[in-house]
Amino acid sequence: MSIHISAKKGDISKVVLQPGDPLRAKYIAENFLENPRLVSQTRGIFYYTGLYKGKEISVGASGMGFPSIGIYSFELYTEYEVDTIIRIGTCGAYTTDLKVFDLINIDNAASESTYAKYAWEMEEELMPHQGNIFDIINETAEELSLNAKSCNIHSSDIFYRKNPEIPEIATKYNCPAVEMEAFALFANARYLGKNAATILTVSDVIPTGENISADQRQTALKPMIELALEAAWK
Ligand code: HPA
């Protein structure tokens, strides 16, 4: 047990898939894993462990934002000997060059956040993916004939804001989309010498207001889930 995860040591696999939403973790476990076991439900943040093509894989939520993923990823890496976390989430596109349902594999996360500075004394605004799981995801996408573009992401603390302009940091680091977790995940993995990747599906295009409806979400996220599972299986 750790402070925020009640699974027993050994009940979480070396590779963990981490969606933001606990119910998405439940959906993935129940629909993609064999014999899924619920190993933690502290605070309603579900963690399941099951088999994918014979390999043990855990899937559990990060919650939303840097504080939440910062806590869960740190405890997974340090208390459960997890080697690799693959975040699977959604993002909002700043540009119409990206379309809803597009899949992206994150190279670097750019953020105005002070998370990495105050947690680990890392001053950089740009935090790279960690280890070789990013490359494995790209190779796997090619094998599955999935078009997963590699790009940078703006990792923001802010979902609602007054000014509709694209934030300066997103322009500075060529980030076509925004989400709220990758920067803290990559910072934790970097500090601890672990592996971390982030795969995102574009759920909304901010300039046009186009978005994936609640009904479409389950099917829309299937390619991302399969890509993450296949990469985790390797
Ligand atoms: N902002 C931040 N995170 C997001 C968004 C957004 O517009 N869409 C999906 N995740």
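All values reported here derive from a predicted model rather than from experimental measurement. First listed ligand is number 1; within each ligand, the first listed atom is number 1.
Asn108 and Asn152 share a side-chain donor-acceptor pair at under 3.5 Å. In summary, the side chains of Tyr80 and Glu75 do not present any donor paired with an acceptor at a separation below 3.5 Å, with no hydrogens or angles considered. Side chain to side chain, Ser58 and Thr49 meet the donor-acceptor criterion of an N or O pair below 3.5 Å. One side chain, His154 or Tyr94, offers a donor N or O that lies under 3.5 Å from an acceptor on the other. Side chain to side chain, Thr42 and Ser6 meet the donor-acceptor criterion of an N or O pair below 3.5 Å.
Here the closest heavy-atom approach between residue Ser155 and residue Ala182 is recorded as OG-N, 3.5 Å.
In terms of protein heavy-atom proximity, atom 7 (O) of ligand 1 is closest to Asp204 OD2, 3.4 Å. Considering only non-hydrogen protein atoms, atom 10 (N) of ligand 1 sits nearest to Thr90 O, 3.4 Å. Looking only at heavy atoms of the protein, atom 6 (C) of ligand 1 is closest to Phe159 CE1, 3.6 Å.
For the ligand labelled ligand 1, residue Ser156 lies outside the 4.0 Å heavy-atom shell.
Ligand-side atoms of ligand 1 in range of Glu179: 3 (N), range being under 4.0 angstrom from any heavy atom. Listed by number with element, the atoms of ligand 1 under 4.0 angstrom from any heavy atom of Ser203 are 8 (N), 9 (C).
For Glu142, the CD atom sits in a loose shell: 12 or fewer heavy atoms of surrounding residues, nucleotides or ligands are nearer than 6.0 Å.
Taking only nitrogen or oxygen atoms, main chain and side chain alike, Gly92 reaches within less than 3.5 Å of ligand 1.
Contacts between Cys91 and ligand 1 below 4.0 angstrom, taking non-hydrogen atoms only, involve the backbone exclusively.
The nearest non-hydrogen atom to atom 1 (N) of ligand 1, considering only Ile206, Asp157, Val178, comes from Val178.
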